[in-house]
Q: 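Here it is, the structure in full.
All values derive from a computational prediction rather than experimental measurement. Numbers here are sequence positions counted from 1.
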Amino acid sequence: AVAGYTASYSNCADLVIASGGSATCTITNDDQPGTLTVQKVVVNDNGGAKTATDFSFSVNGGAASAFEADGQNDLAVAAGAYTVTEPAVAGYTTSYSNCAGLVIPNGGSATCTITNTKVWALGDVNKDDNVDLGDVVRTERIILGLDPTMEGADVNDDGDVDMGDIVMIELIVLQQP
């Protein structure tokens, strides 16, 4: 047997051939598809809420495919070379593991893992993916002691949450298109 192929036989068993006779035995080798597994990992440590289904990917520049809810898509593919990419998603960085130049033989398999990590935008104190007046209000509440959660509120990185942070957020808001 040859790896990646399934053999089938026709008229090959229990042949009885008379003297001077002939028989035909046909052996067919059918190539088996490979499997390309594309896995999605979403890291929402910085306030993100996206799941695997919020992302898509494409193989060899083809049409985009949505990720399954469990974050894994198993694709039957012909033997060949494959590269997996995904479109950028605002607020997330993308890293690839084993996703470029994959060579999958008949009956073989390969796994590509795409990891998206939520990035925290400077000034997004309330972590809603927007830097706006809501962040100013939250910072004011922190300064007044009405909101104990200070994560991300020290926008100017001086070690204190104070009016300097509010000014920084306002400058970021004013610079937006």
Q: Does the side chain of Ile27 reach to within under 4.5 Å of the side chain of Cys12, using non-hydrogen atoms?
A: yes
Q: Could you list who else is in Val41's hydrophobic cluster, with ILVMFWY side chains joined at under 4.5 Å, directly or through other members?
A: Val43
Q: How close do Val136 and Glu170 get, heavy atom to heavy atom, and via which atoms?
A: CG2-CG, 3.9 Å
Q: How long is the straight-line distance from OG of Ser97 back to CD1 of Ile114, given to the nearest 0.5 Å?
A: 10.0 Å
Q: In Å and rounded to the nearest 0.5 Å, what is the CG to CD distance from Leu133 to Glu140?
A: 9.0 Å
Q: Can you tell me how far CD of Glu86 sits from OG1 of Thr94, rounded to the nearest 0.5 angstrom?
A: 4.5 Å
Q: Indicate yes or no for a side-chain donor-acceptor contact from Asn44 to the backbone of Lys50 under 3.5 Å, with no hydrogens or angles considered.
A: yes
Q: Are Tyr96 and Val59 linked, directly or through other ILVMFWY residues, by side chains that come within less than 4.5 angstrom of each other?
A: yes
Q: For residues 70-85, please give each side-chain donor-acceptor pair under 3.5 Å, one per line with the distance, not counting sequence neighbours.
A:
{"residue": "Asp70", "atom": "OD1", "partner": "Gln72", "partner atom": "N", "Å": "3.0"}
{"residue": "Gln72", "atom": "OE1", "partner": "Gln39", "partner atom": "NE2", "Å": "3.1"}
{"residue": "Gln72", "atom": "NE2", "partner": "Asp74", "partner atom": "OD1", "Å": "3.2"}
{"residue": "Gln72", "atom": "NE2", "partner": "Asp74", "partner atom": "OD2", "Å": "3.3"}
{"residue": "Asn73", "atom": "OD1", "partner": "Glu68", "partner atom": "N", "Å": "3.0"}
{"residue": "Asn73", "atom": "ND2", "partner": "Ala66", "partner atom": "O", "Å": "3.1"}
{"residue": "Asp74", "atom": "OD1", "partner": "Thr37", "partner atom": "OG1", "Å": "2.8"}
{"residue": "Tyr82", "atom": "OH", "partner": "Ala78", "partner atom": "N", "Å": "3.4"}
{"residue": "Tyr82", "atom": "OH", "partner": "Ala78", "partner atom": "O", "Å": "2.6"}
{"residue": "Thr83", "atom": "OG1", "partner": "Gly101", "partner atom": "N", "Å": "3.2"}
{"residue": "Thr85", "atom": "OG1", "partner": "Ser58", "partner atom": "OG", "Å": "3.4"}

Q: Kindly give the heavy-atom pair with the smallest separation between Cys25 and Leu15, and that separation in Å.
A: CB-CD1, 4.4 Å
Q: Working note: Leu36 + Leu102, criterion side-chain contact (heavy atoms from CB on, under 4.5 Å); need CA distance, chi angles, decisive distance, verdict.
A: CA-CA 9 Å; Leu36 172 58; Leu102 297 170; 3.7 Å; yes
Q: Atom OG1 of Thr93 and atom NZ of Lys118: how far apart are they, to the nearest 0.5 Å?
A: 10.0 Å
Q: Please name the pair of heavy atoms, one in Ala52 and one in Val42, separated by the smallest distance, quoted to 0.1 Å.
A: N-CG2, 4.0 Å
Q: Would you please test Phe67 and Thr53 for side-chain contact (heavy atoms from CB on, under 4.5 Å) and show each step?
A: CA-CA 5 Å; Phe67 276 96; Thr53 58; 5.7 Å; no
Q: When rounded to the nearest 0.5 angstrom, what distance separates CD1 in Ile172 from CG in Asp132?
A: 11.5 Å
Q: Distance-only, no hydrogens or angles: does the Asp30 side chain make a donor-acceptor pair with backbone N or O of Thr6 under 3.5 Å?
A: no
Q: Do the side chains of Thr139 and Val161 get nearer than 4.5 Å, heavy atoms only?
A: yes
Q: For residues Ile169 and Val167, determine if any side-chain heavy atom of one lies less than 4.5 Å from a side-chain heavy atom of the other.
A: no
Q: With a 4.5 Å cut-off on side-chain heavy-atom distances among I, L, V, M, F, W and Y, is there a chain of contacts connecting Ile143 to Val137?
A: no
Q: Quick check for you: to the nearest 0.5 Å, what is the distance between Asn156 atom CG and Met163 atom CE?
A: 11.5 Å
Q: Over 60° means perpendicular and under 30° means parallel, so classify the ring planes of Tyr92 and Phe55, tilted if in between.
A: perpendicular
Q: If I compare all heavy atoms of Asp154 with all of Gly159, which pair ends up nearest, and what's the gap?
A: OD2-N, 2.8 Å
Q: Could you walk me through whether Asp54 and Thr51 pass side-chain contact (heavy atoms from CB on, under 4.5 Å), step by step?
A: CA-CA 6 Å; Asp54 295 311; Thr51 64; 3.5 Å; yes
Q: Go through it in stages, so that I can follow the logic: the residues are Asp165 and Val125, the test is side-chain contact (heavy atoms from CB on, under 4.5 Å), and I'd like the CA-CA distance, side-chain angles, deciding distance and then a yes or no.
A: CA-CA 10 Å; Asp165 299 299; Val125 179; over 6 Å; no
